Structure formats: structure tokens, C-alpha cells
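Remarks on the structure that follows.
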Number of protein chains: 2
Amino acid sequence: MPDDIDRIIQKSYEACASAGVKLTDKRKNVLMVLLGSSTPLSAYEIVERYKIQFGETLPVMSIYRMLDFLIQEKLVHKLETASQYMSCAHIACEHQHETPQFLICDRCGSVKEIAIKKHIMTELERSIQSTGFTLAHQQLELHGVCKHCQDNSVPAN
Amino acid sequence: MPDDIDRIIQKSYEACASAGVKLTDKRKNVLMVLLGSSTPLSAYEIVERYKIQFGETLPVMSIYRMLDFLIQEKLVHKLETASQYMSCAHIACEHQHETPQFLICDRCGSVKEIAIKKHIMTELERSIQSTGFTLAHQQLELHGVCKHCQDNSVPAN
DNA sequence: ATAAGATATGATATAACATAACACCATAAT
DNA sequence: ATTATGGTGTTATGTTATATCATATCTTAT
Ligand SMILES: [Zn+2]
Ligand SMILES: [Zn+2]
Ligand SMILES: [Zn+2]
Ligand SMILES: [Zn+2]
């Protein structure tokens, strides 16, 4: 979990303000739930945690809508290969958000978000050029085993 | 759709035989359904097409089991980002099956399966080395727009 | 201040995707 | 022939996601 949630929330408010949209209390709370989790969560898991953390049971429909909003504003990412949602690791960074690459540990479920190296993206695009296909390059999801799980031989989940 | 289904089916029988498993009639039929489709299909869509093509309504549970089998034998791939299944494009090739890369057209839904270029895989692995993460590299799913759709401006689906 | 409009959320229903558990039957091994 | 294995059927349930309409809240113009 990020060590400076307050600062991330502050940055999120600013980002939404400059985009001309509103980070409502509930949207902020959903983001807080994700920021407080060490692994990505499904929409239904967010409902459960939201209830625990904020004492209110939101309909899952609302959670999906808030997730849509947060994804739109690039504050949250959806892992398509896992049907789970996680807060962006770079909300409080100053740099522009680049094409993300997710390293998903198949043992502990933790996910590390890094930016795709520029030259790899270039190579990827070149390699598919002959097919005429044009990349929309949203993101890359790579599965494997994280350092911690390799060191500790944590059983698969 | 592949132009030589008979040959692919023949190869599939041989692959299963040498793996010591059985390609039953129904499993073969499921594979035929996928071979006959220009786009990947969901398990439920396979049920529908199976009925049309073979006049028998299979329970979706059985379809999932047959898909598991076909995936195990590398005759079928699952697109995780789409929850859909497609026959492997290289069943009748002689070469070893490599880490596949799927180019998924977000307009027409067609998918092209190609092998990941060796040097790109190497670069990818090198780029994440500092994180200590070890790739399981199952497959890469890339979204975008295919040549045909770019040329024809087919509306998004 | 109030009404009109826009945005956000709630409620309900249902669709779409997937697995668990157990029963039954055919074929293979003994 | 008997038992073991594998394949399929049946039923139930779990999980993820969307559609639709209602209600609440917030803005803005008058
Ligand atoms: Zn991010
Ligand atoms: Zn791990
Ligand atoms: Zn393949
Ligand atoms: Zn296309």
C-alpha cells in the first residue's frame, strides 16, 4: 500500500479539477479502498471492503460506475486478464502517464505497474507492422512469479 | 477459416495420440466449430453453433470441459481479455508452438495469432529483470485495428 | 429563491461467464 | 466378469457485468 495516501488523494482531486470533472466522496472512497489493498480487487470485493472501511453498502452497479469514472481519469486500471481493478501506481508522479505494463504474480496476486520501455514498444509495433495491424496499445499484462514468492516459495492461490 | 480443415483435424488426432489422450468425436466437433469461425467464440456461442452444425445441444458445462482439454493439448487458446476461445493457428505447422501473441481487432473481432519475436521476448525479460519478477510468459494479447477495418472504416462493435 | 437542466447515485432485473459436485455410462485393464 | 478410468450429463451455484428506470443532488439561469 502506498505510504502517502493523503498526497495521492490530493493529486487526484487536482487531476479531476483540471479535467473539469468531480471526484465525489464516494468515488474518492472507492479509490481509497484500492489504495489500501496490496492486490487488485474485483468490483464485488470493493463492495465488501467499502462496507468495512466506510460502513455503507453500495450497490455493485454504483461501484462499476465509479470504477468507470476512475479508469477514465486514469486513476485506476482494470486488469483484463484478471477482471480486477487497481489504483494507478503513478497518480502522484509528475511525469506523463505512459503505456502501462503490469507484472502479475500468479502466486500471491500482487501486481507491479511499470511503464513499457519505449524501445520495446517500438519493437513490438515494428514486429506487427507487416500484418497491417495498428496497435491501440492500452496496456500489457504479464504473468509470472514475483521476487518475494520466489524467495519464499509461497503456495499458489 | 482455415482452408484445410481435414488436414488440421488429422494433425490434431496425431498430436493427441502421441500425447496419449483421446480426441473424442465431441471434442473434435468443438474444435471444428472453432475452426469454422472467423472470430473467437465464447463457450455459450460454441453451444449455439454446435447445435446448428451437429444438431445436438450440449450443456455448457461439457463445452467448458472440452475446451479445457483442447487448451491443454494446445489445439485451442483462450483469449483472457475477451473471455473467448479460438483454435490455434499453428496446429498443422511442423514447428514447435512458441509463445503466442494475439492481435485482436476491436472493430471486427478478428484475431491474428503470431509468434512473439524472440528478441522482443528477450528484451521484455531484460526490462523486468531489475524487479526480480520471473515471467511465466503464456501469451500476449494486443488490441487494435486490423488492416481490413482500417481500409474499410467498419464501425466499432 | 425557484425552476430547469445536468450529473450522480440507487434499485431492480437480467445477461454473460464460469465452476462445483455428483451421477451415469462406456471402454480399458486386470 | 470385475474393477478402474475417463468422458459426459445433470443440477446447482458462484462470479462478473450491463441495461433500465427511479431518485437525489448539484448547477445555473431567471
Ligand atoms: Zn498507471
Ligand atoms: Zn508473489
Ligand atoms: Zn497457437
Ligand atoms: Zn478488423
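Note on naming: letters A, B, ... go to the chains in the order of the sequence lines (proteins, then strands), and numbering restarts at 1 for each one. Just so you know, these numbers use all the heavy atoms, side chains as well, and skip hydrogens, waters and symmetry mates. Remember, it's a predicted structure, so these values are computed and weren't measured experimentally.
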- Task: Give a yes/no answer on whether the side chain of A:Ser83 brings an N or O atom under 4.0 Å of OP1 or OP2 in D:dT15.
- Result: no

- Item | Contact under 4.0 Å: A:Ser42 side-chain N or O vs D:dT16 OP1/OP2 | yes

- Would the number of heavy atoms belonging to other residues, nucleotides or ligands and lying under 6.0 Å from NZ of A:Lys28 be above 12? yes

- Task: Can you see which heavy atom on B:Glu113 is nearest to which on B:Ala89, and at what distance?
- Result: OE1-N, 2.8 Å

- Has the side chain of B:Gln139 got a donor or acceptor atom that lies under 3.5 Å from a matching backbone atom of B:Leu79? no

Sort me out a list of protein N/O and nucleotides 20-26 of chain D N/O pairs below 3.5 Å, or just none if empty.
unit_1 : atom_1 : unit_2  : atom_2 : d
D:dC26 : O3'    : A:Lys22 : NZ     : 3.3

- Item | Whether A:Ser37 side chain and A:Leu34 backbone form a donor-acceptor pair below 3.5 Å | no

- Query: Over how many whole Å does the gap from A:Tyr64 atom OH to D:dA19 atom C1' extend?
  - Reply: 14 Å

- Under 4.0 Å between any heavy atoms, over every strand shown, what does B:Pro59 touch: base, sugar-phosphate, or nothing? Just pick one. base

- Decide whether A:Leu23 and A:Tyr85 are clustered together by the hydrophobic rule: side chain heavy atoms of Ile, Leu, Val, Met, Phe, Trp, Tyr closer than 4.5 Å, transitively. yes

- Note on the structure: With sequence neighbours left out, the residues meeting side-chain hydrogen bond (donor to acceptor under 3.5 Å, both in side chains) with A:Glu94 are A:Lys11

- Query: Quick check: does any side chain N or O of B:Glu141 sit under 3.5 Å from a backbone N or O of B:Thr81, one acting as donor and the other as acceptor?
  - Reply: yes

- Take the protein atom CD1 of A:Ile46 and the nucleotide atom P of D:dA17, then report the distance between them rounded to whole Å. 10 Å

- Item | A:Gln150 side chain vs A:Val145 backbone, donor-acceptor pair below 3.5 Å | yes

- Hey, is the side chain of A:Tyr85 poking within less than 4.0 Å of OP1 or OP2 on D:dA17, counting only N and O atoms? yes

- Message: Both B:Ser62 and A:Ala82 contact DNA chain D. Which one's nearest nucleotide lies toward the 5' end?
- Response: B:Ser62

- Task: Please state how far atom CD in B:Glu80 lies from atom C1' in D:dT16, giving the value in whole angstrom units.
- Result: 14 Å

- Message: Please find the pair of heavy atoms, one from A:Pro40 and one from A:Met86, that lie closest to each other, and give the distance.
- Response: CB-CB, 4.0 Å

- Result for 5'-nearest mapping on DNA chain D, choosing between B:Thr57 and B:Val60, is B:Thr57

- Spacing of A:Leu41 atom CG relative to D:dA17 atom P, expressed in whole Å: 13 Å

- Kindly state which residues belonging to residues 25-33 of chain B come within less than 4.0 angstrom of DNA chain D, counting heavy atoms of the residue only, listed by number. B:Lys26, B:Arg27

Please report, to 0.1 Å, the donor-acceptor pairs under 3.5 Å made by any side chain of residues 54-75 of chain B, with sequence neighbours excluded.
unit_1  : atom_1 : unit_2  : atom_2 : d
B:Glu56 : OE2    : B:Lys26 : NZ     : 3.2

- Task: Identify, between A:Met66 and B:Asp68, the residue whose nearest nucleotide on DNA chain C lies closer to the 5' end.
- Result: A:Met66

- Report the distance from atom CG of B:Leu67 to atom C1' of D:dT8, rounded to the nearest whole Å. 14 Å

- Item | Gap between atoms OH and P, on A:Tyr44 and D:dT18 respectively (whole Å) | 10 Å

- Item | Contact interval (first through last nucleotide) of DNA chain C with protein chain B, 4.0 Å heavy-atom | C:dC17 to C:dA21

- Note on the structure: In whole angstroms, the gap separating P of D:dT16 from CD of A:Glu45 amounts to 7 Å

- Item | By ring pair (Phe, Tyr, Trp, His ring centres under 6.0 Å) - contacts of A:His95 (at least two apart) | A:His90

- Note on the structure: B:Glu56 atom CD is separated from D:dT10 atom C1', nearest whole Å, by 15 Å

- Does the pair B:Glu123/B:Arg126 count as a salt bridge with the N-to-O cut at 4.0 Å? yes

